[in-house]
Amino acid sequence: MKRTHRCADLTAEHVGKELVVMGWAHKRRDLGGVIFIDLRDISGILQVVFRSELDSALHHKAEQIRSEYVLAVRGTLVNRDEETINPNLPTGKWELVVKELRILSRAETPPILIEEGIDTNEAVRLKYRFLDLRRPDMQRNMILRHRVAKIARDYYDENGFLEIETPVLMKSTPEGARDYLVPSRVHTGKFFALPQSPQLFKQILMVSGFDRYFQIAKCFRDEDLRADRQPEFTQIDLEMSFVEVSDVIAMNEGFIKRCFDEVLGIQLQTPFQQLTYNEAMERYGTDKPDTRFGLELVDLSDIVKNSGFKVFSDAIARGGSVRALNAKGCGAKFARREIDALGEFVKIYGAKGMAWISVEENSLKSVITKFLAEEETNRILEKVGAEAGDLICFVADTDDIVFDALGHLRLEIARKLNLIDDNKMNFLWVTEFPLLEYDGDEKRWVAKHHPFTSPMDEDIDLLDTDPGKVRAKAYDVVLNGVELGGGSIRIHDQELQRKIFSRIGFSEEEAKDRFGFLLEAFKYGTPPHGGLAFGLDRLIMLMAKASSIRDVIAFPKVQNSSCLMTGAPDVVDVKQLKELHIAIKE
RNA sequence: GGCCCGGUAGUUCAGCUGGUUAGAACGCUAGCCUGUCACGCUAGAGGCCGAGGGUUCGAGUCCCUUCCGGGUCGCCA
């Protein structure tokens, strides 16, 4: 028997025809003289029927069928009687009256239900991933992922990009995430690193004259996992020559727009909103703001800098700030216990606590108002737009902590109040990131993005006088509070590159040792260039409305970076270790 | 590395202040059933209560340790 159709790839025109379909026995309904099997393949489900009155031998054979048996059936597609049509099934108007059945494979009872939206523990699903991936929602996610990858290839190809592969075995580079290392058999004591991204190679490709490069690239970072972070993940990586920030942004908005249009039927408005880094921090306390709701931060430092309330004035005297957000209606809504829980919540982010004022009809409930001058209180209430029923939440500390604490508190309150509209798709670009940030542990400036990121022309002079103020030609694209991708215009001037290296404490020798090949390449005529990389997994996660990146990766790893299906990583043969000149220290 | 949540039939869960033989639903098995599609009815099988130690006359329940899964802080140029 040869398959002629997929189970659900049928139309009214197939009625009356003889066809052969193959798939898994999804559900069996044995009524005695008649047996219905829902046959499932990647396309969907088709009901097939065995009736003893038509062929008792065949009916008898069908009695053996159990869940997840793989079947081949030949039969005639017929219209169902009006009253037996199943409106819940795309193929519900028809059924296949079987003439021939082959059991291609028997199956043990599966440990998980092969159904949409099961609530089975994820560990069980991952151990039996081959069964989990049979479920329609997982198959939809994989199909969605394929379609986005296909659009990426089409879109960038149409815009003159070339897909070029870069090595997976490469040189370890300092800074950034921890590398995955691969020992060299040939070179005793030496190691390859798996790429954290193809960054250096794509810049070299620009030097080589490949104008526009793109790649769907596997990247590796040996860091702890999160719901949206895996040790190996996929980037849509690209680089362009002879461009400025606005060119890169426009090109990639085009890609996103096309994905949402073709895959989800959602028309996005372009250009996307743009926020500078500073504005994003001031208003939302984060460089990846979720703008689906308001609840913006308010800076109260000016009002309370000379306040008698030392918690506030001291924070400002030490160079920090006092900021607040107005949780509309929460004063009336939240019990004291819930407010205290918010105070505990901000401590996660390093805040020492959360001051608050609950605004009542004709009074204020708070433990801090007695330390504030009446005029200060009034100006605060006015600035945050307080009305009866509101809860004003304050954090006073260094800017870093205030932003972090209030930025997360803003999300927490939005979740509690159900302020987030799941149907919104709020894209935005965050631009003008700081070029450098100070590393307190290492006591030096480090690159925030990477050391090849170009500073903004007008800020170059600040490199010597006020490095923290230098803005970069860097940009992130953010969707609903998730960083989807980012990139920058790179430095193509050798002098400037040298200056940046020295600014971040790289000696000439170190720079040469680590990035010598790139610096060498830059000597021979380097086009201005810049690029961007999207996190493909995160993009798919949001498009699929999945809650974890694991739901859009066929074979993901769990929190301790292992694979529950294969058992990787695992010990290896002593012989293998010996060849690699590696001894395991107990 | 820190903090929080969870681990009881194949699956999802219940199991009170410690007290007889650890339950339910779904799934599974068998029998019956000719229009079901959450098929129905009847019967049945199925448990190292994650593991180890402790307290107790007695532990699924309390304590300690440990393993596993999830979330998160640190980390993630």
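Reminder, nothing fancy here: chain letters follow the sequence lines and each chain counts from 1. If you're wondering where the values come from, they're calculated on a predicted model, not measured in any experiment.
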Polar pairs (N or O, both sides) under 3.5 Å between protein and nucleotides 31-34 of chain B?
| from | atom 1 | to | atom 2 | distance (Å) |
| --- | --- | --- | --- | --- |
| B:rC33 | O2 | A:Leu31 | O | 3.4 |
| B:rC33 | N3 | A:Asp30 | O | 3.2 |
| B:rC33 | N3 | A:Gly32 | N | 3.3 |
| B:rC33 | N4 | A:Asp30 | OD1 | 3.4 |
| B:rU34 | OP2 | A:Gly33 | N | 3.1 |
| B:rU34 | N3 | A:Glu53 | OE1 | 3.2 |

Could you list the residues that satisfy side chain to side chain donor-acceptor pair (under 3.5 Å) with [X], not counting sequence neighbours?
{"X": "A:Asp340", "result": "A:Arg336"}
{"X": "A:Glu116", "result": "A:Arg140"}
{"X": "A:Glu63", "result": "A:His60"}
{"X": "A:Ser502", "result": "none"}

(message) Please list, in numerical order, the residues of residues 226-234 of chain A that have a heavy atom closer than 4.0 Å to any atom of RNA chain B.
(response) A:Arg226, A:Ala227, A:Arg229

(request) Check every strand shown and say whether A:Leu564 touches a base, only sugar-phosphate, or nothing at a heavy-atom separation below 4.0 Å. (result) sugar-phosphate

(message) By the 4.0 Å heavy-atom rule, please label A:Arg125 as base, sugar-phosphate, or nothing.
(response) nothing

Let me have the donor-acceptor pairs involving side chains of residues 480-487 of chain A, under 3.5 Å, with sequence neighbours excluded, atom names and distances please.
| from | atom 1 | to | atom 2 | distance (Å) |
| --- | --- | --- | --- | --- |
| A:Asn480 | OD1 | A:Asn426 | N | 2.8 |
| A:Asn480 | ND2 | A:Lys424 | O | 3.1 |

(message) Quick one: does any side-chain atom of A:Arg410 pair with a main-chain N or O of A:Leu295 as donor and acceptor, under 3.5 Å?
(response) yes

(request) Could you name each residue pair satisfying salt bridge (charged side-chain N to carboxylate O under 4.0 Å, His left out) that touches residues 126-137 of chain A, not counting sequence neighbours? (result) A:Glu68-A:Arg134, A:Arg125-A:Asp132, A:Arg129-A:Asp132, A:Asp132-A:Arg135, A:Arg135-A:Asp137

(request) Keeping to residues at least two apart or across chains, list the salt bridge (charged side-chain N to carboxylate O under 4.0 Å, His left out) pairs with something in residues 500-513 of chain A. (result) A:Arg498-A:Glu508

(request) Would you give a per-nucleotide map of nucleotides 6-11 of chain B, 5' to 3', where B means the base has a protein non-hydrogen atom under 4.0 Å away, S means only the sugar-phosphate does, and - means neither? (result) ----SS

(message) On RNA chain B, does the nearest nucleotide to A:Arg538 precede the nearest nucleotide to A:Thr84 from the 5' side, or the other way round? Give the residue.
(response) A:Thr84

(request) For A:Glu122 and for A:Asp224, find the nucleotide of RNA chain B with the closest heavy atom, then tell me which residue's nucleotide is more 5'. (result) A:Glu122

(request) Could I get the full list of ring pair (Phe, Tyr, Trp, His ring centres under 6.0 Å) partners for A:Phe233, not counting sequence neighbours? (result) none

Donor-acceptor contacts under 3.5 Å from residues 554-563 of chain A side chains, at least two apart:
| from | atom 1 | to | atom 2 | distance (Å) |
| --- | --- | --- | --- | --- |
| A:Lys557 | NZ | A:Glu232 | OE2 | 3.0 |
| A:Asn560 | OD1 | A:Ser562 | N | 3.2 |
| A:Asn560 | OD1 | A:Ser562 | OG | 2.7 |

(request) Compute the centroid of each ring, for A:Phe515 and then for A:Phe452, and state whether the two points are separated by less than 6.0 Å. (result) yes

(message) Looking at B:rC28, I'd like to know if its phosphate oxygens (OP1 or OP2) sit under 4.0 Å from a side-chain N or O belonging to A:Ser67.
(response) yes

(message) With a cut-off of less than 4.0 Å, is there a side-chain N or O of A:His408 near OP1 or OP2 of B:rC73?
(response) yes

(message) Measure CD1/A:Ile118 against C1'/B:rG27 and give the value in whole Å, please.
(response) 12 Å

